[in-house]
Structures are given as structure tokens and as C-alpha cells.
Amino acid sequence: MAACPQLNAKPFSPLLSPNPVSTRTRKLGRISCSAASPSKRHTITLLPGDGIGPEVISVARNVLNLAASIEGIEFKYQEVPVGGAALDLTGVPLPEETLLAAKQSDAVLLGAIGGYKWDKNEKHLKPETGLLKLREGLKVFANLRPATVLPQLVDASTLKREVAEGVDLMVVRELTGGIYFGKPRGFGTNENGEEIGFNTEVYATYEIDRIARVAFETARKRKGKLCSVDKANVLEASMFWRKRIMAIALEYPDVELSHMYVDNAAMQLVRDPKQFDTIVTNNIFGDILSDEASMITGSIGMLPSASLGESGPGLFEPIHGSAPDIAGQDKANPLATILSAAMLLKYGLGEENAAKRIEAAVLDTLNKGFRTGDIYSAGTKLVGCKEMGEEVLKSVDSLVPSPI
């Protein structure tokens, strides 16, 4: 089994180059899919999930296959249910067979989880519980979420051009600790006999130290700036978080460290996002801030993510949800999932050339003016999920990627 290049991997910097692939300076030549015989073989577990998940996974699989065949790579796929789909089939959101398949693979590609159908289920029978258990089972503790405003999409941002243009930041989110997993948790009654619900925000030294090192390494390979986001003026868990971040900072004197309270960080992300390079934060703050940062780019449908551990397969997924309102209508934007597949190749399998080929193809497709509804603007061509995938395939098969 191929181990995920986690702590010693070349950190993200960034997935997509802000500079589009130029068809004027690069000679385009048709590359035969049979030009390279497979020399490397990997097993990928596919988790289509719910809503638009099956649609975007289908497109991403086609792109993976073409890029792999060109680069002499062969994939064996295992497609298994998770989330609501698993609930309907097996009665649980993460069947043992699904987790076992994921653990035995070289990388895992997930579509989306959840939907209105299961909203009233008890907590242990909610689709989202399956995702949390999957992350826990794979021991993926570091979630890398980039937010890069591409020149082709700067006008799709809800922010003014002068604010959004040039934004390129990375949120490093701790993924398996904090309030989402802390105990005690549950329901009960207080001293007045009133019903209460409670959760626990708790972090151990090792949990903070390991995510801190991932963040510092990532910042070191970017612009050398790291902002740690917490709520240390109120929360003891955040006070301890800051203490440990500052301790690990001594190992990275070349990285400029700053601290920011989470409420201020949320404001600064929309006021002046270019001040940020790399952000490290806990599970719940990272969940919220990374979604906020995604909208700076114009659409949550554009952003991939990688969840990595110290060993074993990584989990790669778009950061968007299952979008049940448009499921099955060919309206979904598959680019975030395609770019998640590129991250899978780069971080999960070490297949840099195939990853760069996919990244270049996405940029080329955007340069040609193709847009799904979430990023559409006047003067561009509106396409559906399948057609967007077909256009990316054309570019994968015609472009020779350059280093990013």
C-alpha cells in the first residue's frame, strides 16, 4: 500500500497556478492514450455518497483514467457506499466493509455526504456521522483547504475586484480533535431540571503539535507566513492551543508567526484576504473559516481538499456539500472534485506529472470560457456537469503540463 506523503511531503503551494496555461506559447499535440503502457498500479476507493456526489465522482473518474493512461499509470477502483446511500443500503452511514476498503486502498476519493432525506435521523444515523467516523478511522488529522482566486474567475467573487484579485491562501485545519470529537458530550438535565445539550472542546499536546508542524512546513514552502486562529481571550482550550503553537514555532524561526482571534479572522477574510498566506486553526474554526474563504474565490464548487495522516491512505474531497436541490439535473460543478483528484495524485500517490496535467486542463477549460451555473457570467458558455467534464478531458488529452 502506498503511504500518503504527509509530514515530509512537499506542502501545497498552491494547487492551481494563478497564471493560465497559454495556448499561444505551447504547441498542442494530440497524445494517444495508448502511448504509455502502465508501469505503476494503484488502488483507489471511490465514495460517491449522496446528492451530486455520484455525478461529480463519475466525471472525476474519467479524468483520472485519461491522465493516468497518458502517464503510464493503472488504477483499480473499489466503489462503496457511505453516508445516506449507505444508510439506505445497510442501515448505517459507514459500513464496516466501506471502512475496510478505504483502509486497504492507496487513496480515497469522496463525492459528497448528506441530504434532506436523512435530516431527522438520530445522530448516529445521520450521513455526516459516517464522514466523521471515516476521518477518524483513516486517522487523517490534517485538512488542507486552498482558496485561490484565479484570474479567469475574479469577477465571480462577491468581493470587489481589488479585494479578491490575487488572493492565494491555505487553511490548515485540525480534523480529528476538538469539539466535534471531544467527550463528554450528549444530552441531559441541569440543576433546574431543564434539558441541556453539551459538547467538549479538548485538545491534547500531540494533537496540536502535529497539526502545527504540518502548518509550519506548509507556510515554509509558500510565503513563510503563518497565522494561528483561536479564541484565547475566552477559551482555555484556545489558550493551550496558542501555548503549543508558540512552542512549535521555535523549530521554525524562518516562518513569521502571528495570532488572531477567530471573530476578527472571519472579518479580515472578507475585508483584506490578501493579508493571509497560511492559516492554522482547530476543527470547528477551520470548518467555518475555510467555507468562508471559499466564497472569496467565487464558488465553493471550485475548491478541493486533502485530508492526510501520518501513514495510510489520504482522503480527498471537494469542500462543497451534496446540493440535493440540483442533484440529478446535470447542473453540478465537477471542477472541485476533479481538482481533488489532482490532489490525490500529488499527495496520495506521488504522481506529480499526472496531477499537473489535470491542473493544466482545468485552467485551459476555464480559459476557453466554459462555465457551470455557479461561476457563469456574461460572455462565457454555460455548460452542465457532463459537458464540463468532457471539455476537461479534451484538454487533458491535448496539453503538455508545465511545472507549477
Side-chain angles (χ1 to χ4, degrees), residues 3-18 135 139-149 166-178 206-230 241-242 244-260 265 269 273-283 285-287 289-294 296-297 303-311 314-317 319 339-340 342-350 352 355-356 359 403-404:
C4 251
Q6 267 62 263
L7 301 180
N8 298 321
K10 176 184 175 184
F12 197 103
S13 64
L15 178 66
L16 285 178
S17 168
R135 291 169 177 169
K139 298 180 180 180
V140 288
F141 68 87
N143 183 230
L144 277 62
R145 290 191 174 191
T148 302
V149 176
V167 169
D168 172 19
L169 62 89
M170 170 72 73
V171 178
V172 180
R173 169 191 173 193
E174 199 289 322
L175 198 59
T176 57
Y206 80 95
E207 292 176 302
I208 302 173
D209 289 3
R210 66 185 182 180
I211 194 66
R213 289 191 174 96
V214 171
F216 276 107
E217 292 287 349
T218 301
R220 174 179 275 173
K221 294 297 177 68
R222 287 171 57 87
K223 297 175 184 176
K225 293 174 59 180
L226 178 63
C227 179
S228 175
V229 174
D230 57 40
W241 175 279
R242 184 173 292 202
R244 292 311 310 163
I245 294 290
M246 292 174 66
I248 300 301
L250 298 175
E251 301 173 15
Y252 299 89
D254 55 319
V255 177
E256 177 186 336
L257 174 65
S258 62
H259 303 274
M260 190 174 290
L269 270 174
K274 286 195 284 285
Q275 69 181 281
F276 296 106
D277 174 46
T278 306
I279 294 172
V280 63
T281 191
N282 68 11
N283 204 340
F285 296 162
D287 191 4
L289 293 178
S290 58
D291 278 2
E292 181 188 6
S294 74
I296 299 170
T297 69
L303 300 183
S305 74
S307 299
L308 309 172
E310 291 177 307
S311 63
L315 174 64
F316 303 86
E317 59 182 304
I319 73 169
L339 292 173
S340 295
M343 291 189 81
L344 179 154
L345 289 165
K346 182 180 292 186
Y347 292 102
L349 304 179
E352 292 268 348
K356 289 173 182 176
E359 295 162 6
I404 292 180

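All residue numbers in this chain count up from 1 along the given sequence.
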Visitor: Hey, is NZ on Lys139 packed in by over 12 heavy atoms from elsewhere, all under 6.0 Å?
Guide: no
Visitor: Is there a side-chain contact between Leu169 and Leu269 (heavy atoms, below 4.5 Å)?
Guide: yes
Visitor: Working to the nearest 0.5 Å, report the span between OG1 of Thr218 and CD1 of Ile279.
Guide: 12.5 Å
Visitor: Please examine the side chains of Arg210 and Phe141, heavy atoms only from C-beta on, and report whether any two atoms are closer than 4.5 Å.
Guide: yes
Visitor: Can you tell me how far the CD1 atom of Ile211 sits from the CZ atom of Arg213, to the nearest 0.5 Å?
Guide: 12.0 Å
Visitor: Tell me whether Asn283 contacts the main-chain N or O of Arg173 through its side chain, where contact means a donor paired with an acceptor under 3.5 Å.
Guide: no
Visitor: Under 4.5 Å between any side-chain heavy atoms of Leu144 and Val214, yes or no?
Guide: yes
Visitor: Ignoring hydrogens and angles, tell me if any N or O in the side chain of Arg222 forms a donor-acceptor pair with the backbone of Asp277 under 3.5 Å.
Guide: yes
Visitor: For the atom pair CG (Leu257) and CG (Leu226), what is the distance rounded to the nearest 0.5 Å?
Guide: 5.5 Å
Visitor: Taking Glu217 for the side chain and Ala219 for the main chain, is one N or O donor matched with an acceptor at less than 3.5 Å?
Guide: no
Visitor: Identify the two heavy atoms, one from Ser307 and one from Val140, that lie closest to each other, and give their separation to 0.1 Å.
Guide: O-CG1, 3.3 Å
Visitor: How far apart are the closest heavy atoms of Phe276 and Cys227, and which atoms are they?
Guide: CE2-SG, 4.0 Å
Visitor: Less than 4.5 Å apart, side chain to side chain, heavy atoms only: is that true for Val280 and Trp241?
Guide: yes
Visitor: How many angstroms lie between CD1 in Ile296 and OG1 in Thr148, if you round to the nearest 0.5 Å?
Guide: 10.5 Å
Visitor: Test your reading of the model: is there a side-chain donor-acceptor pair from Lys225 to the backbone of Gln275, 3.5 Å cut-off?
Guide: yes
Visitor: Short question: side chain of Ser305, backbone of Glu317 - any donor-acceptor pair under 3.5 Å?
Guide: yes
Visitor: Looking only at non-hydrogen atoms, find the nearest pair between Leu308 and Gly314 and report the distance.
Guide: CD2-CA, 4.4 Å
Visitor: Any idea which heavy atoms bring Tyr252 and Arg220 closest together, and the distance?
Guide: CD2-NH2, 3.3 Å
Visitor: Side chains of Arg145 and Asp291: does their closest heavy-atom pair fall under 4.5 Å?
Guide: yes
Visitor: Roughly how far apart are Met170 CE and Thr278 OG1, rounded to 0.5 Å?
Guide: 7.0 Å
Visitor: For the residue pair Gly178 and Glu174, what are the closest heavy atoms and their distance?
Guide: N-OE1, 4.4 Å
Visitor: Nearest heavy-atom pair of Pro146 and Pro304: which atoms, and what distance?
Guide: CD-O, 3.3 Å
Visitor: Heavy atoms, side chains only, cut-off 4.5 Å: are Ile245 and His259 in contact?
Guide: yes
Visitor: Rounded at 0.5 Å granularity, tell me how far CG in Leu344 sits from CG in Leu339.
Guide: 12.5 Å
